[in-house]
*Asks:* 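The structure that follows is given in the form of structure tokens.
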Amino acid sequence: MKVEKFSAARFRNAELISLGDDSVRICKVHDWSTSPVQALYANTESSLSKFKTQVNKASTTSETAEVRELDAQFNHSWRAGKLYCQAYLLSPVKAEREAATVLYDLAKTHGINLHNESLPVQNANARLYLKDCETIQNVKDAIAAIQFQPFVDRIKTNLDNVEAGIVNRDEKASSEHREIDIKEFRVKLTKDLNSLYQYLELMSELNGEGEFTDMLMLINESIRKIEHSISIRSKQAKEEEVVEE
């Protein structure tokens, strides 16, 4: 099995972090301590950690009260949605319990405590969560079953506001030097991820169905989600250009 083709250059920092997080988590099931190429995993884990640190440093250096307030509003909406689902998990109505389970499991998939994550990770995973709310049929059915749409709308509005606040903050604060540093760490993480993927592909080819193929399938799923998000973003940008014209 092969890794889905993707261009890391198209990924936002948060999306590259999301792919790195997923890859490290997925590959962690393998016992790398006895592997002759354990450095492949260790290097990826290390470069991911350093890249996260650099991105967070660039994000927090020029942090503003406005962004903190907008983030607090997102955190409140995320917690409210989580608590609402937890309440319905105790519903005497089976259909409502099942719907709440679907939505609670979806939140766990993208990070049940997403509101405690760094802004890059929070925003990237929240965007993927919202995409699933819009495109996965059983999730859409669950939202309707327990009238969860107002919570989805509030999460989306607050996420949009956080991202707009970050753009506004970054426009006010020149960070050319930090951007250069971030680029170097991006290149290193991308290189280590590709090396890890090449090894997984080789082992999958040699061993056929099994652990390595399963890991590649999960990694491909992560890549497809991000690529879909990029596709939607690109489409929205083109539509906005048409409207402006």
*Asks:* Applying ring-ring contact (aromatic ring centres under 6.0 Å, His included), which residue pairs with at least one partner in residues 87-113 are found, sequence neighbours left out?
*Replies:* Tyr84-Tyr88

*Asks:* Between Lys108 and Asp105, is there a salt bridge with N-O shorter than 4.0 Å?
*Replies:* yes

*Asks:* Where do Arg25 and Asp22 land on the salt bridge (charged side-chain N to carboxylate O under 4.0 Å, His left out) test, with the steps shown first?
*Replies:* CA-CA 5 Å; Arg25 173 180 53 79; Asp22 283 349; 3.2 Å; yes

*Asks:* Report yes if the side chains of Leu193 and Ser23 come closer than 4.5 Å at any heavy-atom pair, otherwise no.
*Replies:* yes

*Asks:* May I ask you to check whether Asn123 and Glu117 show a side-chain donor-acceptor distance below 3.5 Å?
*Replies:* no

*Asks:* Side-chain contact, heavy-atom cut-off 4.5 Å: Asn75 with Gln122?
*Replies:* yes

*Asks:* Using a 3.5 Å distance criterion without hydrogens, assess whether the side chain of Ser234 forms a donor-acceptor pair with backbone atoms of Ile230.
*Replies:* no

*Asks:* Report, as yes or no, whether the 6.0 Å neighbourhood of atom CZ on Arg97 holds more than 12 heavy atoms from other residues, nucleotides or ligands.
*Replies:* yes

*Asks:* How would you list, by chain and number, every residue that makes a ring pair (Phe, Tyr, Trp, His ring centres under 6.0 Å) with His30, sequence neighbours excluded?
*Replies:* Trp32, Phe212

*Asks:* Against Ser18, only a single residue in Asn13, Val121, Asn125 fulfils side-chain contact (heavy atoms from CB on, under 4.5 Å); can you say which?
*Replies:* Asn125

*Asks:* Strictly by ring-ring contact (aromatic ring centres under 6.0 Å, His included), give each pair with a member in residues 5-26 just once, sequence neighbours left out.
*Replies:* Phe6-Phe11

*Asks:* Does this structure show an ion pair linking Lys140 with Glu134, if we count only N-O contacts that are shorter than 4.0 Å?
*Replies:* no

*Asks:* Using a strict 4.0 Å threshold on nitrogen-to-oxygen distance, state whether Glu15 and Lys225 make a salt bridge.
*Replies:* no

*Asks:* Taking the side chain as C-beta and beyond, is there a heavy-atom pair between Phe185 and Val55 under 4.5 Å?
*Replies:* no

*Asks:* Donor-acceptor check, side chain of Asn43 to backbone of Ser195, threshold 3.5 angstrom: yes or no?
*Replies:* no

*Asks:* Hey, is the main chain of Ser49 close enough, under 3.5 Å, to the side chain of Thr53 for a donor-acceptor pair?
*Replies:* yes

*Asks:* I'd like to know if the side chain of Asn168 reaches the main chain of Ala164, judged simply by a donor and an acceptor atom lying under 3.5 Å from each other, with no hydrogens or angles considered.
*Replies:* no

*Asks:* Please check if atom CD in Glu4 has more than 12 non-hydrogen atoms from other residues, nucleotides or ligands closer than 6.0 Å.
*Replies:* yes

*Asks:* Is it true that a side-chain atom of Ser47 and a backbone atom of Thr44 form a donor plus acceptor pair closer than 3.5 Å?
*Replies:* yes

*Asks:* Got more than 12 heavy atoms from elsewhere within 6.0 Å of NZ, Lys131?
*Replies:* yes

*Asks:* In Å, rounded to the nearest 0.5 Å, how long is the span from CD1 of Ile219 to OG of Ser222?
*Replies:* 8.0 Å

*Asks:* Under 6.0 Å from the CD atom of Gln86, do we count more than 12 heavy atoms belonging to anything else shown?
*Replies:* yes

*Asks:* May I ask you to say whether Asp192 pairs ionically with Lys188, meaning some side-chain N is under 4.0 Å from a carboxylate O?
*Replies:* yes

*Asks:* Please say yes or no: joined through hydrophobic side-chain contacts below 4.5 Å, possibly via intermediate residues, are Val102 and Leu89 part of one cluster?
*Replies:* no

